[in-house]
Amino acid sequence: MARNAVQFQKGLSLSAFQARYGTEEQCHAALVAWRWPEGFACPRCGGQRYAVCGPRKLFQCSACRHQTSVRAGTVFQASKLAATQWFLGLFLLTQSKNDIAALELMRQLGVK
Ligand SMILES: [Zn+2]
């Protein structure tokens, strides 16, 4: 019987996940790195210089003063859930061998 490579791919343990994405700062840094792998680029003018403003960590372009967040234009936009909850939900979805019920996900994350 042929060995299914998908079933034997290396996963990420819960403890390794928590060490990598356990805090809001770690999740924010990961989102920034995935969103702008070559450094920040203003969505309006393409400028690469910026300042980070306020508790929401908005990126303000130094050229045109346009403000954007790392979540803008993503599935996380307008969500009030913490990034750590999003990341944990995505981890549970992707690490489950079969699938995970919405109610089970709600229980695991403690959200409604
Ligand atoms: Zn700009």
Side-chain angles (χ1 to χ4, degrees):
M1 185 175 196
R3 186 174 158 153
N4 184 343
V6 172
Q7 290 182 327
F8 292 94
Q9 63 186 338
K10 195 172 181 180
L12 184 67
S13 71
L14 183 57
S15 60
F17 170 82
Q18 288 292 350
R20 198 181 296 181
Y21 304 112
T23 67
E24 280 296 307
E25 290 73 27
Q26 288 172 312
C27 294
H28 180 80
L31 285 174
V32 169
W34 293 330
R35 177 105 193 242
W36 297 299
E38 266 127 66
F40 173 77
C42 173
R44 182 180 285 169
C45 75
Q48 296 186 321
R49 294 186 51 217
Y50 65 95
V52 178
C53 308
R56 291 176 54 207
K57 298 179 184 170
L58 295 177
F59 286 72
Q60 180 171 308
C61 175
S62 297
C64 71
R65 305 283 179 215
H66 177 70
Q67 289 187 338
T68 188
S69 83
V70 73
R71 289 179 171 215
T74 70
V75 294
F76 310 112
Q77 182 176 347
S79 170
K80 295 191 186 317
L81 278 185
T84 49
Q85 286 178 307
W86 268 106
F87 275 51
L88 182 57
L90 293 171
F91 173 80
L92 293 171
L93 277 174
T94 56
Q95 295 298 307
S96 172
K97 194 170 180 180
N98 298 314
D99 54 2
I100 185 167
L103 289 173
E104 176 65 19
L105 201 53
M106 282 170 45
R107 278 191 295 271
Q108 298 266 354
L109 297 176
V111 298
K112 296 189 177 183

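Just so it is clear, the structure is predicted and the values come from calculations on it, not from any experiment.
Across every non-hydrogen atom of R35 and V70, the tightest pair is NH1-O, 2.8 Å. Shortest non-hydrogen contact noted between L92 and Q108 is CD1-CB, 3.6 Å. When all heavy atoms are compared, the tightest approach of Y21 to C27 is O-SG, 3.4 Å. Nearest heavy-atom pair across E24 and A82 is OE2-CB, 3.1 Å.
For Q18, there are no side chain to side chain donor-acceptor pair (under 3.5 Å) partners, not counting sequence neighbours. Residues passing the side-chain contact (heavy atoms from CB on, under 4.5 Å) test with Q26, sequence neighbours excluded: T23. For F91, the ring pair (Phe, Tyr, Trp, His ring centres under 6.0 Å) test picks out F17, with sequence neighbours left out. Residues forming a side-chain contact (heavy atoms from CB on, under 4.5 Å) with A33 (at least two apart in sequence, or on another chain): none. Applying the side chain to side chain donor-acceptor pair (under 3.5 Å) test to T68 and every residue at least two apart in sequence or in another chain returns nothing. Remark: Q85 pairs with no residue by the side chain to side chain donor-acceptor pair (under 3.5 Å) rule, at least two apart or across chains. In terms of the side chain to side chain donor-acceptor pair (under 3.5 Å) criterion, S96 has no residue partners (sequence neighbours excluded). By the side-chain contact (heavy atoms from CB on, under 4.5 Å) test, S13 pairs with S15, A16, sequence neighbours left out. The salt bridge (charged side-chain N to carboxylate O under 4.0 Å, His left out) search around E104 returns R107, not counting sequence neighbours.
One distance of note links CG of L105 with CG of D99; it measures 11.0 Å at 0.5 Å rounding. Put simply, NE2 on H28 and OG1 on T84 are 13.5 Å apart, with the number rounded to the nearest 0.5 Å.
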Stepwise ring-ring contact (aromatic ring centres under 6.0 Å, His included) check, F87 with W34: CA-CA 13 Å; F87 275 51; W34 293 330; 5.7 Å; yes
With a cut-off of 3.5 Å and sequence neighbours excluded, list every side-chain donor-acceptor pair involving residues 39-59.
| residue | atom | partner | partner atom | Å |
| --- | --- | --- | --- | --- |
| R44 | NH2 | H66 | ND1 | 3.2 |

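Counting Ile, Leu, Val, Met, Phe, Trp and Tyr side chains that sit under 4.5 Å apart, directly or through other members, L103 shares a hydrophobic cluster with M106.
The stretch residues 86-95 participates, sequence neighbours left out, in these side chain to side chain donor-acceptor pair (under 3.5 Å) pairs: S79-W86.
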